[in-house]
Asks: 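Take a look at the following structure, please.
It should be emphasised that the depicted structure is a prediction, and the values quoted were computed from it without experimental measurement. Within every chain, numbering begins at 1; the chains are lettered A, B, ... in the order of the sequence lines, protein sequences first and strands thereafter.
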Amino acid sequence: MLKTHTCGELKHDCIGQEVTLAGWVHRRRDHGGLTFIDLRDRWGLVQVVSDPEYAEAHEIMASLRSEYVVQVSGNVRGRPDGATNPDMASGDIELVAKQVEILNISKTPPFDINKITRVEEGLRQKYRYLDLRRSHMLKNLHLRHNTIAFIRNHLSQSDFLEVETPILFKTTPEGARDYLVPSRLHKGKFYALPQSPQQLKQLLMVAGVEKYFQIARCFRDEDQRGDRQPEFTQLDIEMSFVEQEDVLQTIEVMMTQLVSNLTSMKFQQTPWPRFSNEEALNRFGTDKPDLRFGIELQDVTELVSKSEFKIFSSAEAVKGINAEGCGTYTRKEIDSLTDFVKKYGAGGLAWAVVGEDDSISRSSFGKYVDVVTMNALKKKMQAKPGDLLLLVASEIDIVHDSLAALRIKIGEKISSYDPNTLACCWVVDFPLFNWNEQENRWDPSHHLFTAPLTEDLCHLKTDPGKVRGSQYDMVCNGYEMAGGSIRIHDSELQQQIFGLIGLEQSVAIDRFGHMLEAFEYGTPPHGGIAVGIDRLVMLLAQEKNIREVIAFPKSQQATDLMVGAPSSADVDQLNELHINVVDPPDDIIE
RNA sequence: GGUCCCGUGGUGUAGCGGUUUAACAUGCUGCCCUGUCAAGGCAGAGAUCGCGGGUUCGAAUCCCGUCGGGACCGCCA
C-alpha cells in the first residue's frame, strides 16, 4: 500500500506517529515560507504542512496544485494553540511533510471540486468521474451502498435467497417499450433486456425457492423524468405461501429498520396508513399521494350541479382544494395556476377568494353562482377569511390529475414540513382492469399475473371492471416507491385473464406458454413486490433527481455524455447481426 | 410527438438594440508573504456571447432554424 493510514482515520491519538498518506490535493494555502494543503481521500481531509527544515518536501509542497495526486510521509503532530480548526474532523492535528511525492499531476478541473457550487448538468455528466469526487456525490454513493448492504443483510438473515436472473431475455410487448438486443446466431431474432425480472421470479417460486430477492437492474425504453432513468435498480422480492399482508409487513418492517439504522429521517406516521385506490383518488386525486401536505380534494359536484354556471353544472365532476391563506394572490399568480392545470387537460381553473368579512371578495364565477350555493361551497371546503378556493370542473380523470398536481404545488408553498419527514403509505385494492376505449377491451392495470381478490372473483365474468386485484403500492412523499401483487398460480385462471384482455390463445402461448406450462407443475400460491432503489436512496439523500444517486446516469435524451453512447456501430458488426440500418447517420463506421 | 426554461472567459453569473474596449465573483498564471483553513496582498492572462441564417445604419441583446442541457405533458408503474 502506498499509505499507512486513511485521511479519515488520522485522529488525535496518532500524534507522534510516523505515517504515510496518499490522496488528492483538495485545497492549498501557500504562505511562501510555509505551505498548507488539505489532503483528501475517500475517508476525509487532513492538513499537511510544509516545514522549511525539510527543504525538498517544502519545495514540492509549493508546486502542488488542485487535484494533484500525492503521497506524503511525515510526523503527525498536534496543531499549535489557536491554530486548530473545529470545523474539520482532523482539525486538531496536522501532518508535517518530510517527504512528498507527486504520483500524478492534474489539469485544472473544469469545475470546482472543493466547493458546493451549482454546475451545469451536461458538464457534470461529461466529467462524471470528477463530479463524483465532490463530497455530496461521494456521500450519496456511500448512502446507496449502505442501503443495499442493509437490504442484503436483512433479507439474508430472514432466510431469503438472492438469485440472479438473465439480462438477455424475451421481448414482451405488454407494458413499457423494450430495449432489444439483436441475435448473431439467430438471424432476425432479438433478445430483450428485462423491464423487471417479473416472470423469472415467479418461475423461481415454481422452482421452490420460496423466498427470493435480487438487486436487479431493469430496463425500460421510455421518456425520462426526474425519477425515471432508462435503466434503474429494483429490489425484487417474491415469496411463496404468503398473503398480501405478509408482503406488506415484510417491506414495512425492513424499511423501518433501514431508515432508523441509516438515516436521521422519521416516518410521519406508523404504522403506515393504508388507502384503497378509490379513497386515494377521492381524497388526493392520485394513487401516489404526498401525505406531507394535509390539503385534500373536496367533491362539490352535487353542490353545484343545479348552478347557472354551465361549466359546473355540465361537468362530470367538480372538485376543489382550499389554498389556505392564499387569498392575497394576484390575478397574475392565479392565471399562472390556471395555465398550470391546463397542462393536465383542464379547461380552466375556477377560483374564489374569501374576504375578511367571510364573504367572497373576488371570484371567477361569483356572478354565475347564487349566494346559497356559494355559502355551501365555502362550508364544504372549510374556507376561512383569507383563503383561496381553487376548483376544476371536467371529466373525473382530468379533475383528479390537475388537482393532484395543484395540491402539491400549493402544498409546497403553504405547508411547513420537516425535510427529514418520510410520509409513507400503502395504496391497495386497485381495479384489476382498465377499460381501453381505443382498443375496446380490458387492459390489466398492473400486469397480467396479478391475482383478483377472492371476494371479487364472482364479478370476473359478469363485470370485469368491478374486480379488484390483490395489488399494492408503497408510496413515500408522493413517489411510487414499491409495487407488487399476489400472483395467479392457477393455469386455468391465468388463461381466463388472458382471454378477458383479448390475448388470443396462440399469442398467449407464444409469449407466455412457459408460464402457463410451469403453472401446471405444482405452483405454490405466491406474491411479491419490487422497491425502486434509486428513488428510495434519492429520498433518503433528500435529492430531487435520481441522477444524484446513480454513479453514471443517462441524460434526458437517454445518452451517456461521458462516453458518448449510443454510438454508431461499424458495418462488420451490423452485418454479423444481420442488421441493415435504414437511413444511417453520417458517422457510421465503415 | 408536444409545451416551457437555460446556453456569455475554466466555472457560476450580470449585461437584454448604441458610453461595452462585454462587467462581477471565483478559478488560473506570476511575484510577495511562517499558522492558514473559502488564507491574504499586488500584477496579469483569459470570452468573436452554443451554432447557422435573418431583421437593422448597428445584434450577446430582436426573429427563425438548429444543436446541447434541464423541467413537464403524452408515454411509463
Asks: Pick the C1' atom in U29(B) and in G17(B), then give their distance to the nearest Å.
Replies: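 It comes out at 37 Å once rounded to the nearest Å.
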Asks: Taking only the side-chain heavy atoms of Thr108(A) (C-beta and beyond), determine which of A71(B), C37(B), C28(B) contains the nearest atom.
Replies: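 Minimum distance to the Thr108(A) side chain belongs to C28(B).
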Asks: Compare side-chain N and O positions of Asn85(A) against OP1 and OP2 of G35(B) and report whether any pair is under 4.0 Å apart.
Replies: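 So the side chain of Asn85(A) is outside the cut-off, no N or O lying under 4.0 Å from OP1 or OP2 of G35(B).
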Asks: Which nucleotide in the list G12(B), C73(B), G35(B) gets nearest to the side chain of Tyr344(A)?
Replies: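 Nearest listed nucleotide: C73(B).
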Asks: Report the nucleotide, chosen from U11(B), C37(B), A38(B), that has the shortest atom-to-atom distance to any side-chain atom of Arg29(A).
Replies: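 In terms of side-chain proximity for Arg29(A), the closest of U11(B), C37(B), A38(B) is C37(B).
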Asks: Atom OG of Ser90(A) and atom CZ of Arg79(A): how far apart are they, to the nearest 0.5 Å?
Replies: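 So the OG of Ser90(A) and the CZ of Arg79(A) are separated by 6.5 Å.
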Asks: Does the ring of Phe340(A) carry Lys409(A) above it, NZ/CZ under 6.0 angstrom from centre and within 45° of its axis?
Replies: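 Yes - Lys409(A) lies over the ring of Phe340(A), closer than 6.0 Å to its centre and within 45° of its axis.
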Asks: Where the side chain of Arg118(A) is concerned, which of C75(B), U13(B), G70(B) is the nearest nucleotide?
Replies: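 Ranking C75(B), U13(B), G70(B) by closest atom to the Arg118(A) side chain puts U13(B) first.
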Asks: Hey, would you say the Phe512(A) and Phe498(A) ring centroids sit under 6.0 Å apart?
Replies: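 Close enough - the centres of the two rings lie under 6.0 Å apart.
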Asks: With the side chain of Met88(A) defined as its heavy atoms from C-beta on, choose the nearest nucleotide among G69(B), G1(B), C37(B).
Replies: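 My answer, after comparing the listed nucleotides, is C37(B).
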Asks: Of the options C73(B), U34(B), G69(B), whose atoms approach the side-chain atoms of His31(A) most closely?
Replies: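 Looking only at side-chain atoms, His31(A) lies closest to U34(B).
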Asks: On RNA chain B, nearest-nucleotide positions of Gly226(A) versus Thr117(A): which is more 5'?
Replies: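 The residue mapped nearer the 5' terminus is Thr117(A).
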Asks: Got a donor-acceptor pair under 3.5 Å from the side chain of Arg79(A) to the base of C37(B)?
Replies: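 Indeed, a donor on one side and an acceptor on the other fall under 3.5 Å apart.
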Asks: Does A71(B) have OP1 or OP2 sitting under 4.0 Å from an N or O in the side chain of Arg547(A)?
Replies: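 For A71(B), OP1/OP2 do have a side-chain N/O of Arg547(A) under 4.0 Å.
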Asks: Taking the P atom in each of A39(B) and G74(B), what is the distance between them to the nearest angstrom?
Replies: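 That atom pair is separated by 48 Å.
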Asks: With a 3.5 Å cut-off and just heavy-atom distances, do the side chain of Gln47(A) and the base of U36(B) make a donor-acceptor pair?
Replies: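 Such a pair exists between side chain and base.
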Asks: Looking only at N and O atoms, is any donor in the side chain of Arg228(A) or the base of C76(B) less than 3.5 Å from an acceptor on the other one?
Replies: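 When only heavy-atom distances are counted, Arg228(A) does reach the base of C76(B) through a donor-acceptor pair under 3.5 Å.
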